[in-house]
Amino acid sequence: MQVDKNSKEFYEDRINLLENEFYTLYKAKIKTDVEIYLKTEEVDSGYFKAHKLILAAKSTVFENLFWNSSNSRLEVVVVDGVTSSGLNLLLEYIYYDNLETKTVEEFIELSKAALRFEVTGVVGKCKQLINDYPLSAENVFGVLEASQSKYFNLEQVKTKCLDFIKDISPYFLYVDSSGILQLSAPSMHDILSTRNISLGCEAFVLEGVIRFLVHKRLENFTRRRQQFLSEVHILSLTSEEFLDITVKYPDFFTHQEIDSVFYNLLRLGMKKLPSWCRPSNWFSSKCVSSTYDSIASKSLQFETECNRPLSKCILHDKDYFQESMLLEIRISPHTYTHLHLTMLELAFGSDYVPISNLKIELFYLKESIKMVEVEFSLQETRDHYYIILRNRLNMAKKIPCILKLDIKMSGLKKWGINGPVSNRKYRIVQMPENIFCNMRLTDAKYASFDPICLTPLSDWLVLIDPVENEKKFVLTSFYFN
């Protein structure tokens with residue numbers, strides 16, 4: 001069979017054959033005419049035997065070194081600015097036109113050598129391989145570092161890595177793995193600032209920050225310490241968790257810092273917090289979903305229970321109503337995860353009072369000092385109004401959250417002898433604050449204990465339906481995720 005010497009296949013076969021022959025020349029060190037000595041701080045960087053003609057064909061630096069200088073007849077040349085691994089990988093690429101790299105670290109070393117000796121095409125191929133690199137819990141830290149290298153600067157890969165890291169177990173990521181110890185300070189800060197905050201896991205995050213800072217011993221240690229610790233929600237820890245960490249790392253915190261944080265964990269506001277501490281940063285920066293359906297579908301629903309005899313109550317039977325309520329919400333220390341309040345359900349809807357006749361304000365107590373208004377949107381149905389928080393309200397274990405709810409309604413119809421006039425079905429009663437109200441969770445896995453405790457700190461409001469013989473607390477459900 002006659003071969004067409006002008007065909008594409010013929011030229012590709014000849015090129016492959018030639019590359020194989022070049023690679024054999026390099027590996028077998030056949031007829032080499034130059035030795036490259038690498039000047040580095042490594043103990044034994046070694047000599048690299050090669051062929052001037054092949055190196056000069058791919059690298060202008062080698063071309064100038066071999067033939068365009070007064071030392072063109074030298075058989076030994078000294079180079080620097082690269083590692084032994086990087087130079088070896090580059091030489092293999094020059095001879096074989098193939099990337100023999102296996103790790104992300106080698107991609108970086110090879111790209112550095114390619115730029116040093118002006119070998120074109122290498123960096124672009126490395127970028128493509130890193131972009132397609134399959135991520136795992138073991139290599140994601142190296143890929144993240146490579147994506148931020150000055151040789152690549154791959155923002156999409158960086159985002160992909162940070163998203164992947166969010167799904168790694170916090171214990172493995174911050175406590176059990178050595179991966180974070182490989183990172184640069186900017187990469188570590190990116191992980192901390194973009195992570196999914198789960199306040200029940202902040203003890204792991206704090207330990208990871210300490211491990212990183214102690215291992216790295218950065219030149220700007222004080223500034224980085226302040227920066228990284230400010231990313232940790234340290235007031236979400238229990239006092240036992242914090243003390244365990246101070247025992248494990250006895251030299252990291254000062255006695256003043258330990259004293260200050262510990263007392264604030266017992267009772268917020270007892271002492272001035274360290275400058276790096278985020279004081280009861282109840283609101284997360286991420287907004288929650290904006291509709292009832294989207295929140296209810298992925299939240300835990302806590303219902304209030306008011307089926308009990310009522311005594312010493314004050315009956316409101318006018319055509320308007322205005323009252324303030326103060327509530328304390330406390331999370332049980334037995335709860336396995338941290339909760340974020342996202343939505344409140346009112347006992348009544350537009351059938352009882354139209355939205356134009358309703359005014360609601362919600363506040364929370366910040367740092368045990370002042371009431372701060374909570375931003376929310378109001379969604380109406382015929383049976384319920386839903387107070388949808390624009391930002392999640394974080395519930396820290398052992399630190400109660402104090403809420404204040406102001407409600408004003410007008411245009412209500414009075415009750416007649418045989419029932420309500422028009423379609424208004426409720427009567428409102430005001431209960432003394434010393435009557436305790438518990439919350440129960442609808443999820444069966446919490447049946448063994450009460451995960452949330454609701455305590456009225458003022459008179460509280462109950463809506464009675466005499467026709468159906470039902471009693472409802474004015475807030476019928478709390479939604480957490």
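Residue indices begin at 1 and follow the sequence shown.
- For Phe117, the ring-ring contact (aromatic ring centres under 6.0 Å, His included) criterion is met by Phe62, not counting sequence neighbours.
- With Asn88 contributing its side chain and Phe48 its backbone, the two residues share no donor-acceptor pair below 3.5 Å.
- Using modelled atom types and a 3.5 Å distance limit, the side chains of Glu231 and Ser193 yield no donor-acceptor pair.
- The backbone N or O of Met343 sits nowhere less than 3.5 Å from a side-chain atom of Tyr292 that would complete a donor-acceptor pair.
- Using a 4.5 Å cut-off on side-chain heavy atoms (C-beta onward), Val261 and Thr246 make no contact.
- With hydrogens and angles disregarded, a donor-acceptor distance shorter than 3.5 Å links the side chain of Glu145 to the backbone of Ser184.
- If you run side chain to side chain contact (heavy atoms under 4.5 Å, CB included) between Arg225 and each of Val209, Ile210, Leu213, only Leu213 comes through.
- Checked by atom type, the side-chain pair Glu109/Ser85 shows no donor-acceptor distance below 3.5 Å.
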Task: Full working for side chain to side chain donor-acceptor pair (under 3.5 Å) between Gln227 and Arg224 - done: CA-CA 5 Å; Gln227 181 187 35; Arg224 288 298 188 185; 2.6 Å; yes
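- The side-chain contact (heavy atoms from CB on, under 4.5 Å) search around Thr159 returns Asp163, not counting sequence neighbours.
- Distance alone, capped at 3.5 Å, places no donor-acceptor pair between the Lys271 side chain and the Asn264 backbone.
- Residues Phe242 and Phe262 keep their aromatic ring centres 6.0 Å or farther apart.
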